[in-house]
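Comments concern the structure below.
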Amino acid sequence: MSSLPDQAAVAAAIAAFEADLAAAPSPREAQTVRDKYLGRKNSVVASWMQLIATAPPDEKRNIGRFANELKAAIEERWNAHAERADAGARPSGAVDITLPGRVGALGRRHPLTSVRDRMEAIFTRMGFAVVEGPEIEDEWHNFDALNMPAEHPARDMQDTLYLATPVKGETGRADDRRTLLRTHTSSMQIRYMQAHQPPIRIVVPGRVFRRDDLDLTHSPAFGQIEGLAVGEGISLADLKGTLLAFARDMFSSTARVRFRPSFFPYTEPSAEVDISCWQCNGEGCPMCKKTGWIELGGCGMVHPAVFEAVGYDAEHYTGFAWGIGIERVAILRHQVQDIRLFFENDLRFLEQFPY
Ligand SMILES: [Zn+2]
């Protein structure tokens with residue numbers, strides 16, 4: 001049996017470890033060197049520990065002390081070596097190509113886009129074509145042609161942001177040249193009818209602008225889907241049937257609709273359309289404010305003055321139109337209390353929507 005470990009043996013073992021490690025040509029060999037001194041079995045430290053069992057009683061403590069001293073010294077040198085190797089292998093800023101790849105986050109449609117797509121799909125199945133129009137409109141298309149001349153009081157309700165950009169007007173009048181952010185998609189009724197002859201069945205989705213302050217239920221910019229059908233013999237019953245079919249597809253297969261008399265300058269008669277509350281089936285609940293009905297939008301039969309503005313024979317053709325807010329439908333479908341959530345783009349909100 002060789003002599004028992006002493007202080008000189010510790011120093012010698014450390015020196016030997018350092019020499020072996022310095023001579024190791026690769027990380028793999030360096031690991032082997034480490035195991036030779038620190039491994040659980042057959043290493044220098046392990047063999048010193050084994051000596052404790054058979055050593056004379058008064059030597060046991062010293063052997064343990066030297067073994068632990070050697071172990072700590074080698075661990076310290078090994079850790080320093082590993083850190084140096086790590087830093088050397090991967091200079092700062094370099095890409096570690098051995099790491100697993102990062103998977104890009106998958107996006108999804110915004111809930112307002114999903115709702116708009118669904119509305120378009122429903123109306124498309126009923127034979128409506130989807131058309132879009134400009135968000136910057138001139139006064140004539142936005143107001144005058146829709147039976148809202150300059151002095152009309154209904155214009156105040158919708159007054160909006162006028163722009164400095166002049167356009168060539170329809171009538172050549174000075175006030176006709178003003179442009180504005182459209183207050184409704186109804187201006188596209190005019191543009192489409194100017195370019196097409198009946199029969200017409202279109203829906204016009206798009207962003208519209210009002211001089212509203214942002215609060216829980218109002219936004220100065222919001223989405224609408226306009227509907228327009230023009231032809232021979234089109235009646236209020238057709239309008240009601242169309243909106244009922246939409247409500248049943250969008251909200252509930254047992255939905256009912258009701259019309260409340262209302263006023264819009266460009267429809268006559270005009271109505272607000274309500275849908276029976278699908279939460280309580282018309283019984284009354286918090287969602288419908290205990291009325292059993294939920295307001296959906298405005299609608300009516302196209303006013304003869306609108307037909308005259310686009311050169312249609314108002315004696316020959318009839319038609320209906322509606323405007324439904326996209327945010328309104330999204331709020332109802334998803335039970336969202338605050339319209340602002342749709343615009344803030346907080347992922348914690350957006351990720352709650354399934355599609
Ligand atoms: Zn209800």
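We count ligands from 1, going down the list as the structure has it; atoms in each ligand are counted the same way.
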Original post:
Which residue pairs pass the salt bridge (charged side-chain N to carboxylate O under 4.0 Å, His left out) test when at least one of the two sits in residues 270-289, sequence neighbours left out?
Top reply: Arg258-Asp274, Arg260-Asp274
Original post:
Who else is in the cluster with Phe222 when I, L, V, M, F, W and Y are joined by side-chain contacts under 4.5 Å?
Top reply: Val208
Subject >> Close aromatic pair by centroid cut-off 6.0 Å: Phe264 and His184 >> reply: no
Original post:
What number of protein N, O or S atoms occur at distances under 2.8 Å from the Zn ion (ligand 1)?
Top reply: 4
Original post:
Hey, are Asp138 and Arg191 close enough for a salt bridge, meaning a charged N less than 4.0 Å from a carboxylate O?
Top reply: yes
Original post:
Is it true that the NZ or CZ of Arg256 lies under 6.0 Å from the centre of Trp293's six-membered ring and within 45 degrees of the ring axis?
Top reply: yes
**OP:** Would you list the pairs meeting salt bridge (charged side-chain N to carboxylate O under 4.0 Å, His left out) in which at least one residue belongs to residues 28-40, sequence neighbours left out?
**Re:** Asp20-Lys36
